[in-house]
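Below is one structure; the comments refer to it alone.
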Amino acid sequence: MRLFDMHCDTLYECAVGEHKLSENSLGIDLKRGLEFDAWGQVFAVWMPDTLRGEAARQQCRRTLELAHTEAANNPDKIAVIYNAKDLDSAFKSRRCAAILAVEGGSALGGRLDTIDIMYGLGVKIITLTWNGANELGNGCLSGNKAGLTKFGKDAIREMESYNIIPDVSHLNEAGFWDVIQTAKKPIIASHSVSAGVYRHPRNLTDEQFNAIVKTGGLVGITISCEQLGEQTFECIYRHIEHYLSLDGYNNVAFGCDFDGTYIPYDWGGIQVMERVYEYLQRKNYEEYLLDRLFFSNCYDFYHTALTSAG
Ligand SMILES: [Zn+2]
């Protein structure tokens with residue numbers, strides 16, 4: 001099977017825990033990921049809510065540079081993706097197609113010119129907030145009712161001018177609708193399951209899911225109990241079924257969130273996706289649909305989004 005996963009925090013764990021990307025005890029490493037027939041992976045730089053301003057900016061930059069060092073150390077295993085051509089050549093040479101993201105707009109340090117630096121370092125996605133409030137807006141656990149700030153709206157426009165995709169996972173609901181009003185291009189929720197199945201501040205209502213689909217965007221299914229409601233394959237299936245019932249066939253993928261949330265140790269990291277695949281096969285999902293969910297929806301989306309990227 002082929003896998004294209006929209007979200008993990010493995011880079012942060014590599015940065016603070018001195019793990020290597022090639023092989024480690026985390027949820028994801030190159031050795032395990034490359035056992036799939038093809039593997040695309042979004043690697044996010046997670047920004048803790050305790051970090052703001054210049055300190056946030058610098059930490060993000062250091063972690064992005066670490067990603068490039070890891071890629072340079074493993075040139076036959078991983079390629080950092082800048083554009084659609086890179087994506088195709090990574091898959092052709094059976095390397096991990098690594099898309100870089102930043103999870104938390106606090107990494108901008110309140111400065112629009114940081115976007116240019118991030119773009120230079122290969123960032124293709126910015127999750128606007130983590131759970132708390134930052135210069136761009138309010139996260140889903142900030143306790144604030146307001147949505148995006150003026151800086152947040154300006155940041156979206158600036159990001160889109162660089163073809164950097166806004167990610168609404170972790171944002172509060174008012175912020176979400178401000179993004180829908182502001183963004184001109186497709187948006188994503190990289191790791192958010194359905195509030196229609198399990199009510200949780202991190203989960204998307206049907207209206208939010210429909211609004212993302214309307215932009216031509218993508219939603220990633222996370223596999224953590226906290227958002228699913230139950231740590232079972234059956235529960236993953238229920239969330240997928242709900243999104244599919246809203247006509248999400250071309251808009252649902254996985255954003256597992258390895259190394260960013262609690263996923264049981266005995267699920268064994270990224271290779272558990274083989275078992276999820278087999279479980280859905282037993283639910284009579286056809287190969288075509290399985291490939292759309294596990295790989296092609298992501299591939300098509302990012303290929304298009306990166307076609308005009310430099
Ligand atoms: Zn997250």
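Counting starts at 1 for both ligands and their atoms, in listed order. All residue numbers in this chain count up from 1 along the given sequence. These numbers come from a predicted model, not from an experiment.
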- [ ] Inspect the contact between Arg292 and Asp300 and indicate whether a charged nitrogen and a carboxylate oxygen are less than 4.0 angstrom apart.
- [x] yes
- [ ] Provide the protein N, O or S atoms situated under 2.8 Å from the Zn ion (ligand 1); waters are not included.
- [x] Glu103 OE2, His170 NE2, His191 NE2
Open item on the list: Atom CD of residue position Gln181 - does it have more than 12 heavy atoms of other residues, nucleotides or ligands inside 6.0 Å?
Closed with: no
TODO: Please find out if less than 6.0 Å separates the ring center of Tyr285 from that of Tyr277.
DONE: no
Task: Salt-bridge contact Asp88-Lys92 (side-chain N to carboxylate O under 4.0 Å) - done: no
Open item on the list: Please evaluate residues Tyr119 and Tyr162 with respect to the criterion ring pair (Phe, Tyr, Trp, His ring centres under 6.0 Å), reporting the C-alpha separation (whole Å), side-chain torsions for both, the decisive distance (0.1 Å), and the verdict.
Closed with: CA-CA 7 Å; Tyr119 176 76; Tyr162 284 90; 5.1 Å; yes
TODO: Please determine if Lys77 and Glu70 form a salt bridge, counting it only when a charged side-chain N lies under 4.0 Å from a carboxylate O.
DONE: no
